[in-house]
Amino acid sequence: MSDDRSRGNLSGATRSDRSAGGGGRSGEARSGGAAPSDSAPSRGASHVRQPQADFVQPARRIAYEVIAAVRESDAYANLLLPTRIQRAALNTADAALATELTYGTLRMQGFYDRVIALAANRPVTAIDPAILDVLRLGAHQLLATRVATHAAVNESVSLAKQVGSRSATGFTNGVLRTISRSSVEEWRDLVLQSSVNADDRLAAEFSHPAWIVRAFRKALQAGGHENELADLLAADNMAAKVNMVALPGLATDADRERLGLADEFSPVGFVLDAGDPYHLVTSTEGRVRVQDEGSQIAALALSRARPIIAGERWLDLCAGPGGKAALLAAEARARGAVLVANELVPARAALVRTALAALPETIPVWEVDGTTIGQTHPNTFDRILLDAPCTGLGALRRRPEARWRKQPKDVADLAGLQSGLIDAALLALKPGGILAYVTCSPHTAETRAIVALAMRKAGGTVRALDTAAIVQSFSGANLDLPADTGSVQLWPHRHGTDAMFITLLQRAL
């Protein structure tokens with residue numbers, strides 16, 4: 001869960017399951033846009049046609065507007081982009097292009113900034129922010145798509161004329177023409193030559209802040225995968241597949257037939273191979289919904305940790321926006337257990353209620369401070385899911401702008417809240433009850449360190465379950481997890497999921 005939460009509840013609009021995007025050089029071709037031809041200028045062409053008018057294709061304009069909103073007002077691209085596409089009534093091809101341009105530019109912003117600085121012969125901090133956004137968008141088209149050079153440059157110049165000064169248009173034209181004269185491989189070599197150390201080199205090549213590179217290395221080392229850092233960073237820059245969950249006991253055979261292949265690991269998940277996922281959600285009245293496979297595994301780790309006894313009481317302590325709560329509610333309903341969801345911020349609580357509307361029964365949604373649950377409801381729940389507020393570094397494929405928005409200070413700032421929530425959740429468990437501590441971040445200070453501290457404070461009253469064995473018991477394929485470590489760390493490059501961390505703790509009888 002991202003760090004947009006207060007007292008265990010989201011206060012901002014973050015919905016990781018609603019993002020989509022393209023990657024690599026195939027974006028324009030998939031979008032039905034211009035592909036290279038014998039008549040198109042080559043990347044090394046010295047002449048670029050001048051724009052005939054200040055026209056900017058709608059897909060490029062929308063991509064720019066979203067990128068600018070991310071910079072100016074901390075907007076969430078995965079929420080804003082679909083809205084802009086819908087308002088503009090873009091056709092399928094243009095919608096795909098807008099998606100590719102937006103997400104591709106945001107993912108590779110760090111690399112493009114280094115290319116722009118070299119091409120402009122000045123630091124990007126000396127460039128007007130609006131023009132820098134234009135240059136980033138243009139650089140992505142030139143270096144990572146099959147957009148023709150003249151189209152990328154000319155429309156970028158037209159866009160610069162609309163958002164900047166007259167002198168900015170000439171500057172934009174000059175910088176993008178310089179970029180167009182070299183291939184992405186040549187620019188990568190130049191960028192890497194200017195890096196100052198090994199971490200900076202990886203940060204430059206894979207477009208991640210150096211502090212995140214270091215954090216990922218440490219997390220991989222904790223699981224014995226320290227040699228996979230480059231693979232992880234590369235996976236963060238690939239478009240995530242669209243995962244769907246069919247709520248058990250509610251989704252029909254007809255619902256499932258409309259889905260694609262079954263997920264590799266989750267027994268209730270599918271990969272959507274075609275079509276609009278949100279139309280599918282609406283047409284099935286929420287019985288089928290978008291949800292990352294890692295999030296499904298996190299919820300199922302709790303519901304399938306042991307057989308369910310009718311009458312059990314479950315709590316989703318930090319439920320917003322409600323995806324895991326809906327899956328838990330379906331699992332509980334099938335075996336006679338009952339779920340309560342909690343979300344402090346009213347707007348987020350409303351999202352939880354919407355997510356739970358697919359259930360025939362009304363699921364209570366509380367709006368209380370999660371850190372007080374141990375005092376107000378001690379020894380109450382048989383199972384608790386704590387999807388804790390975190391930096392969200394495990395979902396950078398879906399929220400690419402988060403890598404530039406987060407800072408090391410965020411990790412330290414969240415530690416107190418995470419500790420307060422896990423301590424409260426343990427107190428709210430019945431003796432013998434199970435807590436699932438989950439984060440959408442692999443950062444060890446948000447995962448292993450928080451769990452270890454909670455267990456020290458609890459003394460001998462809490463023990464870690466073999467989370468890996470439990471998760472593997474319901475998985476459809478081998479997850480290659482370290483045995484009996486008490487936790488599970490999923491990875492984009494190893495499992496194709498968000499980097500979800502899961503630990504199951506049991507309170508002593």
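Residue numbers count from 1 along this sequence.
At a threshold of 4.5 Å between non-hydrogen side-chain atoms, the residues H208 and N237 count as touching. Between D236 and R403, some side-chain heavy-atom pair lies under the 4.5 Å cut-off. Under the 4.5 Å side-chain criterion, counting only non-hydrogen atoms from C-beta, V451 is not in contact with S487. Side-chain atoms of Y64 and T105, non-hydrogen and from C-beta on, never get closer than 4.5 Å to each other. At least one side-chain heavy atom of L421 sits under 4.5 Å from a side-chain heavy atom of P389. In this structure, C390 and H443 have side chains that are not in contact, with every pair of non-hydrogen atoms separated by 4.5 Å or more. Within the 4.5 Å cutoff, no side-chain heavy atoms of M238 are placed close to those of H493. By the 4.5 Å heavy-atom criterion applied to side chains, L81 and T99 are counted as neighbours.
More than 12 heavy atoms of other residues, nucleotides or ligands sit less than 6.0 Å from atom CG of D273. Residue-environment remark: CD (Q86) stays at or below the threshold of 12 foreign heavy atoms within 6.0 Å.
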Given salt bridge (charged side-chain N to carboxylate O under 4.0 Å, His left out), test R114 with D200 step by step and report yes or no. CA-CA 12 Å; R114 298 190 190 220; D200 187 50; 2.9 Å; yes
Just do the side chain to side chain donor-acceptor pair (under 3.5 Å) check on S207 and Q109 with the steps written out, would you? CA-CA 7 Å; S207 196; Q109 176 180 309; over 6 Å; no
Checking R217 against E226 for the salt bridge (charged side-chain N to carboxylate O under 4.0 Å, His left out) test, could you report, in this order, the C-alpha distance in whole Å, the side-chain angles of both residues, the deciding distance, and whether it holds? CA-CA 6 Å; R217 178 187 289 109; E226 57 269 21; over 6 Å; no
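With respect to the salt-bridge test (charged N to carboxylate O, under 4.0 angstrom), the residues D410 and K406 do not qualify. A salt bridge between K324 and D316 is absent, with no side-chain N of the basic residue lying under 4.0 Å from a carboxylate O of the acidic one. Salt bridge annotation for E343-R348: absent, with no cationic side-chain nitrogen under 4.0 angstrom from a carboxylate oxygen. Residues D292 and R397 are paired through a salt bridge, judged by an N-O separation under 4.0 Å between the basic side chain and the carboxylate. With respect to the salt-bridge test (charged N to carboxylate O, under 4.0 angstrom), the residues R494 and E228 qualify.
When atom types are taken as modelled, the side chain of R289 and the backbone of G286 share a donor-acceptor pair closer than 3.5 angstrom. Although no hydrogens or angles enter the test, the distance criterion places a donor-acceptor pair under 3.5 Å between the side chain of T284 and the main chain of V281. Side chain of T83 to backbone of L79: a donor-acceptor contact under 3.5 angstrom is found.
Every residue two or more places apart in sequence or in another chain was checked for a side-chain hydrogen bond (donor to acceptor under 3.5 Å, both in side chains) with E401, and none qualifies. Listed by chain and residue number, P123 satisfy the side-chain contact (heavy atoms from CB on, under 4.5 Å) test with T125 (two or more places apart in sequence, or in another chain). The side-chain contact (heavy atoms from CB on, under 4.5 Å) check on S283 picks up R258, H279, L280, with sequence neighbours excluded. Residues passing the side-chain contact (heavy atoms from CB on, under 4.5 Å) test with P277, sequence neighbours excluded: V242, M244, L272, V290. Partners of L118 under the side-chain contact (heavy atoms from CB on, under 4.5 Å) rule, at least two apart in sequence or in another chain, are W187, L190, V191.
Nearest heavy atoms, A152 versus S156: O-OG, 2.6 Å. The minimum heavy-atom distance linking D498 with L490 is given by the pair O-CB, 3.9 Å. Residues Q489 and S441 approach most closely at OE1-O, 4.3 Å, considering heavy atoms. The minimum heavy-atom distance linking A139 with L176 is given by the pair N-CD2, 4.0 Å. For F216 against L233, the heavy-atom pair with the smallest separation is CD1-CD2, 3.9 Å. The shortest heavy-atom contact between E186 and R181 is OE1-O, 4.4 Å.
Remark: the T391 side chain and the E446 side chain contain an N/O donor-acceptor pair separated by less than 3.5 Å. Side chain to side chain, E155 and Q57 fail the donor-acceptor criterion of an N or O pair below 3.5 Å. Side-chain contact, E264 with H495: no donor N or O sits under 3.5 Å from an acceptor N or O.
Here the rule is side-chain contact (heavy atoms from CB on, under 4.5 Å) with K161, and of T169, V56, V134 only T169 fits it.
Legend: salt bridge (charged side-chain N to carboxylate O under 4.0 Å, His left out) pairs involving residues 120-144, not counting sequence neighbours, sorted by first then second residue: R71-D133, D113-R136, D133-R136.
Geometrically, R405 engages Y76 in a cation-pi contact defined by less than 6.0 Å to the ring centre and at most 45° from the axis.
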